[in-house]
Amino acid sequence: MLAVKIAWRNICKHRGKSLVIGVILFFGAVLMTVGNGIIAGMNRGLSENIVKLFTGDLVVISKQQEKDSVLLDVMGGKPLKVIKDYPQVKKYLGEQELIKEFLPVTAGLAFVLNGETESGNKMLLGVDIKRYLRFFPDSITIEEGRLLQPGERGILVSAQARRQDYKFRGYWLLPEGEELDQKKLPLPAKEQSAELLIKRELVLMGADAADSAVDIRVPIKGIIEYRALKKVWGLYNIIDIESYRETYSYVTGADSLVEISREGKDLLANEQLDQYFAGGNMFAEPGLIEEGFTLEDIQQETKKEITGYDLDAGAYNLVLLKLKDGGAAQVTLQKLNDFFRENRLEVRAVSWKDAIGTLGSMTALVKTALNVFIIFIFFVAIIVIMNTLSMTALERVSELAMMRAIGARKGFLRRMFILETAILSFLFGGLGIIIGIAVIYLLRLANITTTNEILQMVYGGEKLSPFYSWADFRFGVLQLGVVTLLAVLYPLRVVGKIIPLDAMSRE
Amino acid sequence: MNVIEVKGVKKDYPLGKTTVQALKGIDLVVETGAFLSIVGPSGSGKTTLLNIIGCIDTPTAGTVKIQDEEITALPEQTITDLRLHKIGFIFQNFNLIPVLNVRENVEFPLLLMKNQPRALIDSRVKELVRGVGLIDQIEQRPAELSGGQRQRVAIARALVTNPEIILADEPTANLDSETSESILQLMRQLNQSEKTTFIFSTHDPEVLKHANSIIQLRDGLLVGAGVV
Ligand SMILES: Nc1ncnc2c1ncn2[C@@H]1O[C@H](COP(=O)(O)OP(=O)(O)O)[C@@H](O)[C@H]1O
Ligand SMILES: [Mg+2]
């Protein structure tokens, strides 16, 4: 109590110095809180808008894949390798405690043909729609038309891709059987909607298979919009997996109906396939479509096979993995890769950050930059406080030494000093945290949005949504405590060196 | 009974490449209840001797006993507690805690002692503050007091723990002669009423008439002792 009283009165007496320390603690705490809030918002945004929306936590890719950046790397251009040994991989993944779910997909670029000429290209994500919707229940919404039905052939074009096609190719994509909806047209198209060129199907050709090129006709079933990062994920159009495999001349699931021994088929040698399937493309077997399948049905239906053959018998490029809550991504990644190596499986697992390449490293960079910024603030605060306190200690040598002389222990002086800093830290730092939280909420209310992909990584989505939780609060208080402690360490040494003898006047 | 026994105390201070011999071998016995004055010119070693007796400095050679307890080899914390309980200090520059008022300054050592009942502290502090004539200024801070008043506060603070010895290094050096006179009278009066041993240094011959015994230092050596 005595130490508190003296500490408090000294704070009041040396108002100037207290204010210097206080102001630094205040701004430090504000910046730290807002910075932590942005990082937390970013983390949550990244998880919501990348991991839960498109990539999953981990991605299994072919070992032959040169780079880990298998998604969004449009310019990299090379088609993805097919995963060998999928059955073993599937079996192993299914046995893992920490893996909640996995989704095998194909992904890559396909040329769009317009008559005989090439007319741009499309990024495709080939999926079994039923499994896709179970894995990503709320990633996409239908803007026009309808969802793919299980087993049905067709493509879901992203609204973004449709706009691009109109802008650069001059035609308007419309789902099969849909009336032209004037409201959905971009402005210039509205004025000339009578002459608008409408396409209801796409002729696609795998960008890889130049010499074994197979072009297939795919009906547009719906126009989709991704829940977030629309510009980023809008690159990808969702196509049924069998159509995808055909455009790339991969082994399809339907191949398993035909009597061919697996060994007889080199999964990667497309030329051989053409010998079995001259002309190659097979449209949907009518029997495979279940009538009246709604989104809910698809999501409720779980493991039940609805096709007459196993889609997993065909080729995949990637397997997306979703971990159970709290499943340590790094540990699981390591474990998977160890297993794959030991069992000589031709695959490897990569993190979602690596899988989305440049964008992934951007997020890591931004996060590091923010953290460095916070540490820098820490540093400046510590240095300034340390200096001020050391000066204070030196100015009070005679008084402090007198206390020692008349019987105060070293610990008492230390306590006084720590208390002085702690009180300032509690008052000004606490106020800083409160103001910081207020700033975070104002930032949320301010509705700051961006269409810039890089800023979106900082924001963790289209909208800047910094976020503050009790955990952040506890962390903030801890940080403040650490700053206080580090700042007071050196002054405490100075205080510790004061001896009672310093109280005596010498002439 | 002897409250202090100093035997063969020497003190060397390193000064560049040489050493200054501040004390060259002091033997001294102080009786309980004495009012002892150490005199000598500036630089003769008065402060050094008081510091060693007061356990805030250690001798280079020799021993110091306080109430028959050898104190030169005690660990630091024990010495700190010994200063708190057995010794009171009065400094030349008063040295009060500026942010505390008279009452708080005087009670400071009692609060360091822990477990002192509040009522006891209050009555003891009041008694002493009244004794040094500052009861009307009890809520004032040192900055509001004159030099003489501050030294009175310091005297009250030194006495509050009922120490065996009070050490005062030139307590009147910063005061005018009239004030010095009253401070010394106060010390003498408290020496008699509280039965506390007082040892104070001075280089002012005027002060000597108050002492009941005197020792004289020159160049780190005792050159004379006597009872007035
Ligand atoms: N810390 C020190 N370092 C070096 N020399 C010192 C120190 N303290 C005292 N001295 C020297 O010791 C001698 C005695 O000093 P001091 O005890 O202060 O004398 P007095 O109090 O009688 O004036 C002086 O010569 C002084 O210069
Ligand atoms: Mg002196």
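In what follows, chains are A, B, ... by sequence order, proteins preceding strands, each numbered from 1. Note that these values count all heavy atoms, side chains included, but never hydrogens, waters or copies made by symmetry.
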Mind listing the side-chain donor-acceptor pairs of residues 479-488 of chain A below 3.5 Å, one per line with the distance, residues two or more places apart or on another chain?
from   : atom 1 : to     : atom 2 : distance (Å)
A:Q479 : OE1    : A:N36  : ND2    : 2.9
A:T484 : OG1    : A:S425 : OG     : 2.7
A:T484 : OG1    : A:L480 : O      : 2.7

Donor-acceptor pair, distance only, cut-off 3.5 Å: does the side chain of [X] make one with the backbone of [Y]?
X: B:E70; Y: B:T72; answer: yes
X: A:N43; Y: A:A40; answer: no
X: B:T179; Y: B:L175; answer: no

query = Which bit of B:I79 is near chain A, if near means a heavy-atom gap under 4.5 Å: side chain, backbone, both or neither?
reply = neither
B:I97, part contacting chain A, at a heavy-atom distance under 4.5 Å =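 When you check distances to chain A, atoms from both the backbone and side chain of B:I97 fall under 4.5 Å.
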ask   = Among B:P98, B:A173, B:P163, B:A158, which has the most heavy-atom pairs under 4.5 Å with chain A?
value =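 It is B:P98.
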ask   = Do you know which of B:N95, B:L100, B:I87, B:L112 has the most heavy-atom pairs under 4.5 Å to chain A?
value =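 It is B:N95.
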query = With under 30° as parallel and over 60° as perpendicular, where do the rings of B:F91 and B:F89 fit, or are they tilted in between?
reply = parallel
remark   = With B:N101 as partner, the option from B:E139, B:Q137, B:R141, B:Q140 fulfilling side chain to side chain donor-acceptor pair (under 3.5 Å) is B:E139
query = What residues, two or more places apart in sequence or in another chain, satisfy salt bridge (Lys or Arg N to Asp or Glu O under 4.0 Å) together with B:D81?
reply =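 Residues passing salt bridge (Lys or Arg N to Asp or Glu O under 4.0 Å) with B:D81: A:R409.
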task = Could you list all the ring pair (Phe, Tyr, Trp, His ring centres under 6.0 Å) pairs where at least one residue sits in residues 394-432 of chain A, not counting sequence neighbours?
result = A:F412-B:F108
query = Given the options A:A405, A:A408, A:G411, A:P500, which has more heavy-atom pairs under 4.5 Å with chain B than any of the others?
reply =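 Among the listed options, the one with the most contacts to chain B is A:A405.
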query = A:R404, A:R396, A:M1: which one forms the most heavy-atom pairs within less than 4.5 Å of chain B?
reply =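 Top option by heavy-atom pairs under 4.5 Å: A:R404.
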key: Residues of residues 34-41 of chain B contacting chain A, heavy-atom criterion under 4.5 Å, by residue number   = none
request  = Measure distances from A:L2 to the heavy atoms of chain B and classify the residue's part below 4.5 Å as side chain, backbone, both or neither.
outcome  =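 The side chain, not the backbone.
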No-hydrogen, no-angle side-chain donor-acceptor test under 3.5 Å, B:S201 and B:D169 = yes
